[in-house]
Amino acid sequence: MPHLTNTPASTASTDLGLGLGTPGYAHPLLAPEEWGALARPGTPVHWAALNVSNGPGTRPDPHCVQAAGRLHTAGVRVLGHLDAVWGARHFGELISEADRYLDWYQVDGFLLDRCPTERALLPETGRTVTTLRALLGHGHIVLGHGSHPYPGYAEHADQLVTFSGSWSDYRWSQVAEWTAEHPPERFCHFVHGVPRGHLEEALRIARWQGASTIWFTDRTDRGGRTVPWEAMPGYWDDIVSRLGTGVSE
């Protein structure tokens with residue numbers, strides 16, 4: 001069974017209730033209903049990641065400009081999607097992409113996806129995050145590890161993605177003990193293949209493990225052949241009603 005943690009209060013807490021973090025829908029031209037749903041009043045969205053074309057693309061995309069604008073108007077935080085490729089991406093490439101996201105889409109922060117987890121790569125990740133914060137002035141940084149990283153990464157990010165994977169793995173997952181030193185607002189869980197009948201169980205696991213931002217979907221990765229986050233869950237209305245009315249910061 002999942003490890004039950006206590007989550008003491010912390011000055012780092014943003015006092016968010018359980019809500020949604022969108023890892024990256026398909027392009028707004030291909031998924032207009034999905035992007036529109038995120039901007040509806042009362043939808044409990046903490047943030048939504050914008051991935052134009054494996055990054056910001058080579059020129060401003062009018063469909064993405066429009067989608068980001070609607071989310072900003074609705075009070076939803078928009079994050080630029082940056083792929084760290086587990087530490088293999090060059091520092092200059094990431095910062096160049098971040099500049100374009102800021103210039104073209106006025107993003108509120110960044111999701112550094114496929115972020116490394118090892119202690120040895122922490123200094124370089126810290127350098128990247130420090131530079132991103134300098135560009136933003138004030139913004140939100142999410143490190144998308146997908147598993148529990150070396151604890152020092154928590155010092156650099158507003159949130160860490162400590163689980164990204166299938167329901168079959170999630171329902172028996174264990175949380176790292178060091179996460180109990182931080183409030184739930186610091187952690188995100190992304191789970192695909194969650195059956196409708198197990199949605200409440202999945203939400204209970206997130207609460208037990210101390211994760212405030214989640215994305216649960218009944219879509220699957222088809223053995224790694226597809227991206228399960230690109231479409232809306234089949235039980236969208238159900239999960240929104242279970243999470244309740246919420247407003248992102």
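Everything numeric in this text was worked out from a predicted model, so none of it was measured.
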Report task. Begin with the C-alpha distance, continue with both residues' side-chain angles, and end with the deciding distance and a verdict on side chain to side chain contact (heavy atoms under 4.5 Å, CB included) for F187 and T179. Result -> CA-CA 9 Å; F187 301 104; T179 62; 3.7 Å; yes
Query raised in the report: side chain to side chain donor-acceptor pair (under 3.5 Å) with D238: which residues, sequence neighbours excluded?
Result: R242
Query raised in the report: Quick one: does H156's side chain have a donor or acceptor within less than 3.5 Å of a partner on P123's backbone?
Result: no
Report task. Identify whether V161 and L18 are in the same connected component of the hydrophobic contact network (ILVMFWY, side-chain heavy atoms under 4.5 Å). Result -> yes
Query raised in the report: Applying the 4.5 Å side-chain criterion to the ILVMFWY set and letting contacts propagate, would V142 and L121 be lumped into a single cluster?
Result: yes
Query raised in the report: Less than 4.5 Å apart, any side-chain heavy atom of Y150 and any of T117?
Result: no
**Report entry** Reported NE2-to-NE2 distance for the pair H140 and H138, which is rounded to 0.5 angstrom
**Finding:** 10.0 Å
Requested in this report: For the pair R219 (side chain) and P233 (backbone), establish whether a donor and an acceptor sit closer than 3.5 Å, ignoring hydrogens and angles.
Outcome: no
**Report entry** Heavy-atom side-chain contact between F91 and S96 under 4.5 Å
**Finding:** no
Query raised in the report: Among all residues two or more places apart in sequence or in another chain, which pass the salt bridge (charged side-chain N to carboxylate O under 4.0 Å, His left out) test with R100?
Result: none
Query raised in the report: Is the backbone N or O of G55 less than 3.5 Å from a side-chain atom of S53, with the two atoms forming a donor-acceptor pair by type?
Result: no
Requested in this report: Using the rule that two of Ile, Leu, Val, Met, Phe, Trp, Tyr join whenever any of their side-chain heavy atoms come within less than 4.5 Å, decide whether L94 and L135 are in one cluster.
Outcome: yes
Query - Donor-acceptor pair, side chain of Y105 and main chain of D61, under 3.5 angstrom - result: yes
Query raised in the report: Just how far is it from atom NE2 of H145 to atom CZ of F163, taken to the nearest 0.5 Å?
Result: 15.0 Å
Report task. Hey, could you give me the NE2/OG distance between H189 and S173, rounded to the nearest 0.5 Å? Result -> 7.0 Å
Report task. Give the ring-plane orientation class for W236 versus W215, where under 30° counts as parallel, over 60° as perpendicular and anything between as tilted. Result -> tilted
Query raised in the report: Within a strict 4.5 Å, meaning less than it, do heavy atoms of the F216 and L203 side chains meet?
Result: yes
Query raised in the report: Does any non-hydrogen side-chain atom of D218 lie less than 4.5 Å from one of P195?
Result: no
Requested in this report: May I ask you to decide if I141's main-chain N or O and D158's side chain share a donor-acceptor pair within less than 3.5 Å?
Outcome: yes
Report summary line: Hits for salt bridge (charged side-chain N to carboxylate O under 4.0 Å, His left out) against R89, two or more places apart or cross-chain, chain-then-number order -> E93, E97
**Report entry** Interatomic distance, L132 atom CG to D99 atom CG [nearest 0.5 angstrom]
**Finding:** 9.5 Å
Report summary line: In short, Y153 meets L122 closest at the heavy-atom pair OH-N, 3.3 Å
Requested in this report: Please name the pair of heavy atoms, one in W35 and one in P28, separated by the smallest distance, quoted to 0.1 Å.
Outcome: CD1-CA, 3.4 Å
Requested in this report: Step by step, work out the side chain to side chain contact (heavy atoms under 4.5 Å, CB included) result for L20 and L243.
Outcome: CA-CA 9 Å; L20 300 169; L243 294 178; 3.6 Å; yes
Query raised in the report: When you measure from the side chain of R222 to the backbone N and O of P228, does any donor-acceptor pair fall under 3.5 Å?
Result: no
Report task. Using the salt bridge (charged side-chain N to carboxylate O under 4.0 Å, His left out) rule, collect all pairs that involve residues 107-122, keeping only residues at least two apart or in two chains. Result -> D83-R114
Requested in this report: Taking the side chain as every heavy atom from C-beta outward, state whether L102 and L136 have any pair of such atoms under 4.5 Å apart.
Outcome: yes
Report task. Report yes if the side chains of Y25 and E230 come closer than 4.5 Å at any heavy-atom pair, otherwise no. Result -> no
Query - H46-T213 side chain donor-acceptor pair, cut-off 3.5 Å - result: yes
Query raised in the report: How long is the span from the CD atom in Q174 to the CH2 atom in W172, to the nearest 0.5 Å?
Result: 10.5 Å
Query raised in the report: Taking all atoms of both residues into account, what is the closest heavy-atom pair of V240 and P44, and its distance?
Result: CG1-CD, 3.9 Å
Query raised in the report: Is a donor on one side and an acceptor on the other found under 3.5 Å between the side chain of T226 and the backbone of T220?
Result: yes
**Report entry** Whether Q159 side chain and C188 backbone form a donor-acceptor pair below 3.5 Å
**Finding:** no
**Report entry** Donor-acceptor pair, side chain of R171 and main chain of A202, under 3.5 angstrom
**Finding:** no
Query raised in the report: At their closest point, which heavy atom of L38 faces which heavy atom of T43, and how far apart are they?
Result: O-CB, 4.2 Å
Query raised in the report: How far apart are the closest heavy atoms of P149 and T162, and which atoms are they?
Result: CD-CG2, 4.2 Å
Query - side chain to side chain contact (heavy atoms under 4.5 Å, CB included) assessment of V194 paired with Y235 - result: CA-CA 10 Å; V194 181; Y235 40 65; 3.3 Å; yes
**Report entry** Test item: L50 and L79 side chains (from C-beta on) under 4.5 Å apart, heavy atoms
**Finding:** no
Report task. Indicate yes or no for a side-chain donor-acceptor contact from T131 to the backbone of R127 under 3.5 Å, with no hydrogens or angles considered. Result -> yes
Query raised in the report: Between the side chains of E201 and H198, does any donor sit under 3.5 Å from an acceptor?
Result: yes
Query raised in the report: Any idea which heavy atoms bring L71 and A48 closest together, and the distance?
Result: CD1-CB, 4.0 Å
Query raised in the report: Should the pair W167 and Y170 be assigned to parallel (<30°), tilted (30 to 60°) or perpendicular (>60°) ring geometry?
Result: tilted
Report summary line: To the nearest 0.5 Å, atom CH2 of W178 lies from atom NE2 of H148 at 6.5 Å
Report task. Start with the C-alpha distance between Y101 and V107, add both sets of side-chain angles, then the distance that settles side chain to side chain contact (heavy atoms under 4.5 Å, CB included), and finish with yes or no. Result -> CA-CA 6 Å; Y101 268 120; V107 296; 3.9 Å; yes
Report task. List for me each residue that meets side chain to side chain donor-acceptor pair (under 3.5 Å) alongside S166, sequence neighbours excluded, and say none if there are none. Result -> S168, D169
Requested in this report: List in chain and number order the residues that pass salt bridge (charged side-chain N to carboxylate O under 4.0 Å, His left out) with R40, two or more places apart in sequence or in another chain; answer none if no residue qualifies.
Outcome: none
